[in-house]
> 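This is the structure, below, for whatever I ask next.
Lettering of chains follows the sequences in order, A, B, ..., and the numbering in each one begins at 1.
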Amino acid sequence: METYLQSRITDALLKVGVEQDNLPEIKIETPRVASHGDAATNVAMTLASVLRKNPRQIAQDIIDNLELDSQKITAAEIAGPGFINFRYSENYLYEQLHSLLESGDKYGETEDFKGLRVLVEFVSANPTGPLTVGHGRNAVLGDTVARLLEWSGADVDREYYFNNAGRQMRVLGQSVQARYHQLFGEKTELPDGGYEGEYIQDIAKQLADEYGESLLQEAGEEVFRQKAERAIFEEIGRTLERMNIKMDSFFNEHTLYEDGSIDRTVQAIREKGYAYDKDGAVWFKTTEFGKDQDTVLIKSSGEPTYRLPDIAYHVHKLERGYDLCLDVFGADHIDTYPDVKKGVEVLGYDASKIDVLVYQFVTLVKDGKPFKMSTRKANFVTLDELMDEVGEDVTRFFFLMRSPNTHLEFDISTAKEAGEKNPVFYLQYAHARIQSILRKVKEVSNDAWQMPAKEELNLLQHETEKALIKKLLAFPGAITAAAVSREPHKLITYLNELASAFTSFYHDCRILGESTGLMVARASLAHATATVLANGLTILGIEAPDRM
RNA sequence: GCGCCCGUAGCUCAACCGGAUAGAGCAAUUGCCUUCUAAGCAAUAGGUUUCAGGUUCGAGUCCUGACGGGCGUACCA
């Protein structure tokens with residue numbers, strides 16, 4: 001419909017005398033106030049200064065030259081300072097509703113990103129401990145944006161990037177080793193900066209159960225590191241599964257060393273003249289890109305900083321042929337992103353294919369106060385603990401509810417309320433309620449719901465019915481908007497409006513007890529609403545229950 | 001100091017890359033269950049969009065400057 005209006009308006013503009021080269025971009029938007037119509041454009045106003053004419057006059061000229069199909073649009077009128085408002089015909093609504101019903105669980109899919117190969121890299125927590133609440137927002141955002149892109153036609157892979165070498169992991173191994181020795185009565189201290197979480201003791205205990213005392217002979221921490229890594233990855237895998245997240249691949253940073261990518265990357269940056277040696281370290285000339293200081297690529301110890309493998313990794317992604325590499329990470333990592341892009345660019349790759357979704361931090365709140373759920377000495381709350389406390393659906397929903405670039409206050413008191421206050425249930429309840437009605441319809445008519453003919457939908461004449469249809473038709477656009485801006489909360493806002501439009505309809509129009517024709521038409525409308533709710537919840541990774 | 005994000009109703013947040021009368025939920029007040037799920041609906045109240053300038057037909061949105069909060073600014077990841 002949008003493209004239809006755009007082409008009609010373009011034709012009218014040409015007739016009015018606007019030159020081909022001066023055609024403005026024609027924006028079609030949905031007015032905030034329903035009384036303003038179903039679609040509107042502001043072209044007349046944007047043209048006012050160019051044509052040096054009164055915008056309302058321009059609008060009138062455009063309307064006079066518009067050739068609209070009355071089967072689709074019934075009215076085009078001037079309003080306010082020069083908006084042109086359009087109204088959809090009933091026929092158009094019924095036609096669209098009918099095709100929605102035909103699409104069923106595919107309704108909402110578009111081809112906006114058709115053919116685009118996307119790699120979403122997210123979570124990417126190193127296996128040093130269980131996933132925390134902070135990782136939770138990352139995981140859910142990444143997965144949901146991936147789903148949004150998939151619904152928009154993109155070909156999406158999900159990847160988890162990790163590093164199982166380096167100092168952090170050695171300390172992890174040492175920590176487990178220390179706990180293991182303690183289990184057998186030895187007074188071994190945790191290493192400096194060791195991991196204090198209770199899970200370290202759990203892993204040590206597993207090892208004791210499995211191997212008895214035999215590991216006491218181990219001199220180094222390597223065995224413990226390996227065991228810890230495996231145990232932690234298993235737990236992370238279970239957590240992700242619980243959250244409805246399935247990775248396509250896990251990428252080990254180590255492979256970049258093995259295949260020589262790291263060395264080649266440094267070499268290439270040197271050759272381009274963007275790297276130099278100083279104080280035994282290798283530096284990246286980030287000052288040339290407007291930074292205050294140059295940054296270190298390889299420490300004087302010979303170990304690279306994370307920037308170098310990050311650059312090599314992104315080159316690797318691009319070489320795999322992705323058109324879009326989307327990284328999801330927290331606000332604390334934002335500073336590395338320009339360096340990586342510049343590095344990739346210096347190496348001759350198209351850095352514009354790399355995009356980043358940055359999210360702000362999460363604060364847990366309970367009864368109005370910052371809340372620490374964990375009694376463990378380690379200073380974090382795990383995702384599993386959170387899900388145990390409030391449930392999987394609520395967890396996903398709360399992480400998605402807000403715009404990624406504002407701080408998220410996760411109110412556990414609200415999340416735990418199974419009822420009125422909890423916004424997740426509003427959507428699920430609407431779905432369950434519709435299913436309940438449809439079950440009753442089936443009893444009455446002794447027949448399952450069937451696809452109605454288009455004409456049968458003509459009985460939907462009530463204002464709340466038409467408002468609901470219009471809301472349903474906005475679903476694909478809502479997905480696209482959320483996918484383009486990578487903001488899943490836009491979809492939630494839409495679904496809330498949809499559920500609200502449904503309850504207005506439910507309040508004003510009965511389904512059972514009406515004549516057969518009207519009952520069929522309304523049941524179809526309810527069915528369509530349930531379909532859209534279910535599709536929307538699927539994208540959010542949340543259940544759409546049939547009963548509550 | 002510098003960079004990024006944020007500042008909207010008592011609280012938590014929306015506002016479709018500059019549009020028409022700034023909207024939801026929670027909290028408050030009131031009304032609605034012998035008819036399809038009241039986990040709901042309807043209504044009332046709540047705002048100088050932190051402040052001061054600027055840009056233009058038009059600003060919560062863009063620019064400048066204050067003020068306030070978060071995160072960075074490592075030879076940590």
> How many whole angstroms separate atom CD of A:E29 from atom C1' of B:G58?
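Computing the A:E29:CD to B:G58:C1' distance gives 13 Å.
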> Quick one: A:Q435 CD to B:G40 P, roughly how many Å, whole number?
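A:Q435 atom CD is separated from B:G40 atom P by 18 Å.
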> Is any NZ, NE, NH1 or NH2 atom of the basic residue among A:K366 and A:D411 found under 4.0 Å from an Asp or Glu carboxylate oxygen of the other?
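No salt bridge links A:K366 with A:D411.
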> For the residue pair A:H407 and A:F361, does the interplanar ring angle fall in the parallel (under 30°), tilted (30 to 60°) or perpendicular (over 60°) class?
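It falls in the perpendicular class, over 60°.
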> Using the C1' atom as the point on both nucleotides, what is the distance between B:A59 and B:G18, in whole Å?
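Each nucleotide's C1' atom is 7 Å from the other's.
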> Within the distance-only criterion (no hydrogens, no angle test), does the side chain of A:H314 pair as donor or acceptor with the backbone N or O of A:D310 below 3.5 angstrom?
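It does hold such a pair.
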> For A:L427 and B:G40, give me the distance from atom CG to atom P, rounded to whole Å.
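Interatomic distance, CG of A:L427 to P of B:G40: 11 Å.
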> Look at the side chain of A:T41 and the backbone N and O of A:K27, then say whether any donor-acceptor pair between them is shorter than 3.5 Å.
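Between the backbone of A:K27 and the side chain of A:T41 there is a qualifying donor-acceptor contact (under 3.5 Å).
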> Go through the N and O atoms of the side chain of A:N42 and the base of B:A20, and report whether any donor-acceptor pair is under 3.5 Å.
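Result: no qualifying N/O pair found.
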> Give a yes or no on whether A:R270 atom CZ has more than 12 heavy-atom contacts from other residues, nucleotides or ligands under 6.0 Å away.
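Yes.
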> What is the per-nucleotide protein-contact pattern of nucleotides 72-77 of chain B, from the 5' end, where B denotes a base atom under 4.0 Å from a protein heavy atom, S denotes such proximity for sugar-phosphate atoms only, and - denotes neither?
S-SBSB
> Quick check, are the ring centers of A:F502 and A:F505 under 6.0 angstrom apart?
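That pair passes the under 6.0 Å test.
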> If the C1' atom of B:C17 is compared with that of B:U61, how far apart are they to the nearest Å?
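Approximately 9 Å lies between the C1' atom of B:C17 and that of B:U61.
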> Between B:A42 and B:U48, how far apart are the two C1' atoms, rounded to whole Å?
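The same atom, C1', in both gives a distance of 31 Å.
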> Any strand is fair game: report the nucleotide pairing with B:G68 by Watson-Crick or G-U wobble, both distances under 3.5 Å, or none.
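Partner of B:G68: B:C6.
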> On the six-membered ring of A:F284, is A:R307 placed so that its NZ or CZ lies under 6.0 angstrom from the centre and within 45° of the ring axis?
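Relative to the ring axis of A:F284, which defines the angle, A:R307 lies outside at least one limit.
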> Is it true that A:E229 and A:R225 make a salt bridge, defined as a side-chain N closer than 4.0 Å to a carboxylate O?
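Yes, A:E229 and A:R225 are salt-bridged.
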> Once the angle between the rings of A:F162 and A:Y160 is folded into 0 to 90°, is it parallel (under 30°), tilted (30 to 60°) or perpendicular (over 60°)?
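Because their plane-to-plane angle is over 60°, the rings of A:F162 and A:Y160 count as perpendicular.
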> When the P atoms of B:A77 and B:G25 are compared, how many Å lie between them, rounded to an integer?
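48 Å, rounded to whole Å.
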> Expressed in angstrom and rounded to an integer, what is the separation of A:F289 atom CZ from B:C4 atom P?
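Distance, rounded to whole Å: 18 Å.
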> Between C1' on B:C41 and CZ on A:F502, what's the gap in Å once rounded to a whole number?
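Result: 13 Å.
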> So what does A:N54 touch, heavy atoms closer than 4.0 Å: a base, only the sugar-phosphate, or nothing?
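No contact at all - A:N54 keeps every heavy atom at 4.0 Å or more from the nucleic acid.
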> Mapping A:H507 and A:A40 to their closest nucleotides on RNA chain B, which lands nearer the 5' end?
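The 5'-side residue here is A:A40.
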> For a quick test of reading the model: is some side-chain N or O of A:K27 closer than 4.0 Å to OP1 or OP2 of B:C16?
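Checking A:K27 against B:C16: no side-chain N or O falls below 4.0 Å of OP1 or OP2.
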> Look through every strand shown and name the nucleotide pairing with B:G47 as Watson-Crick or G-U wobble, where both distances are under 3.5 Å.
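In the structure as shown, B:G47 has no Watson-Crick or wobble partner.
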> When you compare B:G7 with B:C26, how far apart are their P atoms, in angstrom units rounded to a whole number?
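That atom pair is separated by 23 Å.
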> Which comes earlier along RNA chain B counting from the 5' end, the contact point of A:T46 or that of A:D508, where each point is its nearest nucleotide?
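With A:T46 and A:D508 compared, the 5'-side residue is A:T46.
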> Would you indicate what A:Y426 reaches in the nucleic acid, counting non-hydrogen atoms under 4.0 angstrom: base, sugar-phosphate, or nothing?
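The answer is sugar-phosphate, as A:Y426 gets under 4.0 Å only of primed atoms, P, OP1 or OP2.
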> When the C1' atoms of B:U55 and B:U73 are compared, how many Å lie between them, rounded to an integer?
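Comparing C1' positions in B:U73 and B:U55 gives a spacing of 33 Å.
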> With syn defined as a glycosidic torsion within 90 degrees of 0 and anti otherwise, which applies to B:C33?
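Judged by the O4'-C1' to base torsion, B:C33 sits in syn, the angle falling within 90° of 0.
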> In whole Å, measure the gap between the P atoms of B:U49 and B:U8 for me.
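Those two atoms are separated by 12 Å.
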> If we take the C1' atom in both B:G53 and B:U29, what is their distance in whole Å?
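The answer is 41 Å between these two C1' atoms.
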> Could you state the OH-C1' distance from A:Y429 to B:A39, rounded to the nearest angstrom?
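The answer, rounded to whole Å, is 6 Å.
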> Should A:R433 and A:D546 count as an ion pair when the cut-off is N to O under 4.0 Å?
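Answer for the salt bridge query: no.
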> In whole angstrom, give the distance that lies between atom NE2 of A:H431 and atom C1' of B:A39.
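Interatomic distance, NE2 of A:H431 to C1' of B:A39: 16 Å.
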> Hey, are A:T305 and A:K299 close enough side-chain-wise for a donor-acceptor pair under 3.5 Å?
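Judged by distance alone, the side chains do not pair up.
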> Return the value, rounded to whole Å, for the distance between atom OH of A:Y506 and atom C1' of B:C33.
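In whole Å, B:C33 C1' lies 10 Å from A:Y506 OH.
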> Reading nucleotides 9-14 of chain B 5' to 3', which nucleotides get B (base under 4.0 Å from a protein heavy atom), which S (sugar-phosphate only), which -?
---BSS
> For a quick check of understanding: with a heavy-atom distance under 4.0 Å over all strands, which category does A:A79 fall into, base, sugar-phosphate or nothing?
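It contacts base atoms.
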